[in-house]
Amino acid sequence: MACNNEPSMKRIDTMEKQVSKIEKKYQETETAFNELVEDCIEFDEKLRNENNPRPEMQLLRAYLQQYEDERIPMKEEIDYSKSQLSDLKDDFENGLYDETQREEYLASEEKAVKTLNAKLDYFLDRFEKQSDFIKKIEKQ
């Protein structure tokens with residue numbers, strides 16, 4: 001049974017490494033979000049004082065709100081994935097599932113990990129572009 005588990009265990013190890021990277025990316029996203037919120041507040045105030053509304057600020061606020069709505073569920077998904085992978089590793093080592101079940105569980109976790117990574121990439125990209133936008137506008 002151990003030989004049959006080897007590819008499955010390697011996949012779990014790979015996903016665990018990916019989840020560790022995702023945790024780091026989540027922290028980067030949190031930092032970028034917090035900095036952007038501060039910039040947004042400061043920039044909004046400046047625009048109000050100058051009576052110079054910028055429609056682009058609506059997009060920035062929308063991205064910030066979107067992330068605000070997703071940040072806790074994403075953190076919970078990261079924690080859940082870590083737990084699931086640990087449980088799967090234990091279950092596979094104890095031979096609890098047949099090949100079909102192992103494949104289903106692994107495919108499900110791989111999908112969850114890819115989805116989390118894609119969400120974070122999306123937000124990091126948006127935050128970087130919005131930060132560049134604010135810096136560009138501030139120079140004008």
Side-chain angles (χ1 to χ4, degrees):
M1 188 72 157
C3 292
N4 291 341
N5 270 341
E6 187 61 30
S8 297
M9 298 305 270
K10 286 182 180 179
R11 286 170 68 185
I12 290 173
D13 289 342
T14 298
M15 283 187 280
E16 286 177 329
K17 290 175 187 170
Q18 290 170 330
V19 171
S20 289
K21 290 178 182 177
I22 286 171
E23 282 183 299
K24 290 176 185 169
K25 193 180 288 189
Y26 178 81
Q27 290 306 317
E28 290 173 30
T29 308
E30 282 287 299
T31 299
F33 171 78
N34 290 330
E35 289 172 1
L36 206 49
V37 166
E38 288 177 23
D39 290 346
C40 182
I41 291 168
E42 188 178 301
F43 196 58
D44 257 351
E45 187 175 317
K46 178 182 175 188
L47 292 175
R48 261 186 254 122
N49 289 339
E50 294 173 358
N51 197 21
N52 183 16
R54 302 279 311 211
E56 299 94 337
M57 291 302 290
Q58 290 177 328
L59 182 61
L60 171 57
R61 284 193 226 57
Y63 286 137
L64 293 174
Q65 185 59 55
Q66 185 182 22
Y67 182 74
E68 182 65 37
D69 294 343
E70 291 283 327
R71 70 196 298 195
I72 300 301
M74 277 194 297
K75 178 63 173 138
E76 290 169 352
E77 288 176 48
I78 292 168
D79 293 342
Y80 183 72
S81 282
K82 286 173 59 176
S83 173
Q84 283 292 98
L85 291 170
S86 176
D87 291 347
L88 279 177
K89 188 180 268 188
D90 290 343
D91 292 349
F92 288 5
E93 286 173 348
N94 292 318
L96 295 182
Y97 304 114
D98 64 30
E99 184 65 33
T100 303
Q101 290 171 316
R102 283 196 308 265
E103 183 55 39
E104 286 176 18
Y105 290 128
L106 288 169
S108 176
E109 286 309 307
E110 285 170 338
K111 182 179 178 184
V113 168
K114 285 181 184 178
T115 300
L116 274 169
N117 197 42
K119 282 182 187 179
L120 289 167
D121 283 345
Y122 167 84
F123 285 114
L124 276 173
D125 178 68
R126 296 315 178 272
F127 292 168
E128 182 180 306
K129 286 183 170 114
Q130 293 304 308
S131 181
D132 289 346
F133 159 74
I134 287 181
K135 288 173 186 166
K136 180 181 171 186
I137 296 301
E138 285 177 336
K139 290 180 181 178
Q140 293 177 352

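Heavy-atom basis, side chains included; hydrogens, waters and symmetry copies ignored. These figures come from a predicted structure and were not determined experimentally.
Closest of all the heavy-atom pairs between Arg61 and Gln58 is NH1-N, 3.1 Å. Taking every heavy atom of both residues into account, Tyr67 and Phe127 meet most closely at CB-CZ, 3.5 Å. The nearest pair of heavy atoms linking Ile22 to Leu116 is CD1-CB, 4.2 Å.
Residues passing the side chain to side chain donor-acceptor pair (under 3.5 Å) test with Glu109, sequence neighbours excluded: none. For Lys119, the side chain to side chain donor-acceptor pair (under 3.5 Å) criterion is met by Glu77, not counting sequence neighbours. Under the salt bridge (Lys or Arg N to Asp or Glu O under 4.0 Å) criterion, Glu68 pairs with Arg71, sequence neighbours left out. For Asp125, the side chain to side chain donor-acceptor pair (under 3.5 Å) partners are Lys129, not counting sequence neighbours. Contacts of Tyr80 classified as side-chain contact (heavy atoms from CB on, under 4.5 Å), with partners at least two apart in sequence or in another chain: Gln84. Applying the side chain to side chain donor-acceptor pair (under 3.5 Å) criterion to Lys21, with sequence neighbours excluded, gives no partner residue. Remark: Lys82 pairs with Glu23 by the salt bridge (Lys or Arg N to Asp or Glu O under 4.0 Å) rule, at least two apart or across chains. Partners of Asp87 under the salt bridge (Lys or Arg N to Asp or Glu O under 4.0 Å) rule, at least two apart in sequence or in another chain, do not exist in this structure. Checked against side-chain contact (heavy atoms from CB on, under 4.5 Å), Glu16 has the following partners two or more places apart in sequence or in another chain: Ile12, Asp13, Leu85, Lys89. The salt bridge (Lys or Arg N to Asp or Glu O under 4.0 Å) test applied to Glu103 returns Arg11, not counting sequence neighbours. Remark: Asp79 pairs with Lys75 by the side-chain contact (heavy atoms from CB on, under 4.5 Å) rule, at least two apart or across chains.
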Item to complete: Dump the intermediate steps for side-chain hydrogen bond (donor to acceptor under 3.5 Å, both in side chains) on Glu70 and Tyr122, then the final yes or no.
Response: CA-CA 12 Å; Glu70 291 283 327; Tyr122 167 84; over 6 Å; no
Item to complete: Show your working on side chain to side chain contact (heavy atoms under 4.5 Å, CB included) between Lys114 and Gln18 and close with a plain yes or no.
Response: CA-CA 9 Å; Lys114 285 181 184 178; Gln18 290 170 330; over 6 Å; no
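Residue Leu59 holds its CG atom at 9.5 Å from CD of Gln66, rounded to the nearest 0.5 Å. Expressed to the nearest 0.5 Å, how far NZ of Lys25 lies from CG of Leu124 amounts to 7.0 Å. To the nearest 0.5 angstrom, Lys24 atom NZ is 14.0 Å from Leu120 atom CG. In this structure, the separation between CD on Glu104 and CG on Asp98 is 8.0 Å, given to the nearest 0.5 Å.
Outside the 6.0 Å centre-distance limit, the rings of Tyr105 and Phe92 are not counted as a close aromatic pair.
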Counting only pairs under 3.5 Å, give me each side-chain donor-acceptor contact of residues 31-41, with atom names and distances, residues two or more places apart or in other chains.
residue	atom	partner	partner atom	Å
Thr31	OG1	Gln27	O	3.1
Asn34	ND2	Glu30	O	3.2

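Between Arg102 and Glu99 there is a salt bridge, with a side-chain nitrogen of the basic residue lying less than 4.0 Å from a carboxylate oxygen of the acidic one.
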